[in-house]
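Every value quoted in this text rests on a predicted model; they were computed, and no experiment measured them. Letters go in sequence order (proteins before strands), and every chain restarts at 1.
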Amino acid sequence: MIKKIIKEKIYQTVNTLYSDLQINTSDIDIVESKKIEHGDYATNFCMKFSKTLNQKPIDLAELIVDEIKKNDDFFDNVDFIKPGFINFKVKASIFNDTLLNIYRTIDSYGSGDTKKGKILLEYVSANPTGFLHLGHLRNAAVGDSICRILRFYGHDVDSEYYINDFGNQIKLLGKSLGIRVRNLHGENIEMPEDAYLGDYLVDIAKKYSSEFSQDSLDSDKLENYAKDYLLQEIKNDLASINIKFDNWYSESKSIHNSGLLDEILDKLSDLNVLYDKDDAKWIKTSEYGDSNDWVLIKSDKSSTYFLSDIAYHYDKFNRGYDKVINVWGSDHHSHVSRLKASMNSLNNKEKNLYFVMIQFVRLLKDGKDISMSKRSGQYTTIKDLLSLVDNDVVRFMMVTRSSDTHFDFDLDQCLKDSDENPVFYIQYANARINSIIKKSGIKDLSTQNLDVIDSIKEVGLIKAVIDFEDVIKDSAENLAPHKLTFYLQNLAKEFHSYYKSTKILNNDKLMTRLILITTIKSVLSNGLSLLGVSSPEEM
RNA sequence: GCGCCACUAGCUCAGCUGGAUAGAGCAACGGACUUCUAAUCCGUAGGUCGGGGGUUCGAAUCCCUCGUGGCGCGCCA
């Protein structure tokens, strides 16, 4: 907003000084000054264009500053400093006007213009062979936050969960359930080592037995029963952390029973990227950017998971999505290059295929890793964690780290209600503001004849509010929701500090200050909602 | 052996599309409740940005190399 205006002013000035220079406003970087003595905003333009303009940065800076200062009513001061930075001190009244503009359109503030093209965002996609656990949780929180942020930024996004309901693991799931059911009926059969050993199958077996007779152990029936049951559990778990998918895409239905697999094979064959070796059918991914070739049809004539994956991603684009984003666990990173290579060979869409890789999460208690339960040999499930930690805390903490770094989820920290817990810290700021507004007794804030607020803290807060727009852009374009969490913590911090230093009720400039904190409150709660976190009015 | 990710304060991490004296939270230490919610605030201290080279006006950021750790390298999914 203000940055854009400054950018425009530099652009005009440089054009006046050098009429033959070819630059765009996008070449001009305006950053917020880190130090008070450097004003509000700064640019490195003179260093950047020193060579192009064949002039020393410092001389260039002097020229530009002199020119900008002519007929200026926007800045309190503009100056330059070695080696050639230009610093801008903006008038407090400009900040106040900007605040007012934001306040007037607060509900949509920070949201972007409608963007062209449709995006398909796939995340979680855990196999329906068990409950969701810690790793899925981070994927889910990051994926859903990205989804919300992209939509807020103006993108048309559909979210999708790929149900891996075909193949060996589902067969094994059905087989495991069958054994559990027979165990219940007194048959002494050992579970094979590769079977699904979790206790949940015993529970499912009990339910199954109560619905069907003892001899009803058809493998298809068992498979479907277990799969449907677990899928419902997965949906329930996701719902419990405010996550809902637009599409549930079934591998068996949409890929295997639809003829899609043969269609893809024909296409690849026509494109001459397949070959036969050792009774199997291979794809020449090594010629399209991957390090290896891979098998698509095994020697027993069954298809590989990779072929399904190619078909699935071909179908994603075929369904009309312009951009496809996958949120994947980093243990699948080797699939990225092969999938990109196959898309490259198939339809050249690999440049529209994006990946967010999620690194591992560990659950720490007393400094020890308790991710894996020793008793059951299973990873901590979402249900387990939610029974210990507040929903909001879980959602927030899971996106506070850049997704490509390992993350330790510290249980002790999350159980505390104090300053160690960033979620409460932000929510508390929101609740405090709400309390002030309520106590003021003013229902409709007037925007007429306002006082100008110009303390360092107040101008700083307005600047922080202005930053929200950039943070959304940054988070959306980099698919990085953690940037938003840091921003919100900082905004809350600046508010708490202001709260302590400046009494708002029974003081002057009341109306402007109420507008300021109301705006902050909206940014805080809108920001939290983009992370799937609530903002209670009272705490 | 190859590939991906990481390495920044005692701990957990931002910053990485090159900019000014490298930031935050926690922990440590010292302060602030007749005051709109102390789930808060103010202050002090804390650094060879894993090591070494290079690129340039300028490098935590880009390139090369080495080291450490995590994860992958199936006719499994």
Euclidean distance for C1', B:U8 against B:U68 (whole angstrom): 16 Å

Residue whose closest nucleotide on RNA chain B lies nearer the 5' end, A:Asn164 versus A:Glu537: A:Glu537

No-H, no-angle donor-acceptor pair, A:Ser299 side chain to B:C75 base, under 3.5 Å: yes

A:Phe85-B:A20 aromatic stacking (under 5.5 Å, under 30°): yes

Residue A:Lys503, side-chain heavy atoms: nucleotide from B:C13, B:G74, B:U35 that is nearest: B:U35

A:Thr285 (side chain) donor-acceptor with A:Asn292 (main chain) under 3.5 angstrom: yes

Touch class at under 4.0 angstrom, heavy-atom based, for A:His482 against every strand present: sugar-phosphate

No-H, no-angle donor-acceptor pair, A:Asn87 side chain to B:A20 base, under 3.5 Å: yes

Euclidean distance for C1', B:G25 against B:C41 (whole angstrom): 15 Å

Distance test, side-chain N/O of A:Tyr499 to OP1/OP2 of B:A38, below 4.0 Å: yes

Nearest to side-chain heavy atoms of A:Met47, which nucleotide of B:G19, B:C42, B:U12: B:G19

Check: A:His333 ring centre within less than 6.0 Å of A:Phe355 ring centre: no

Partner set under side-chain contact (heavy atoms from CB on, under 4.5 Å) for A:Asp451, not counting sequence neighbours: A:Lys509, A:Thr512

Glycosidic conformation of B:C33, taking syn as within 90° of 0 and anti otherwise: syn

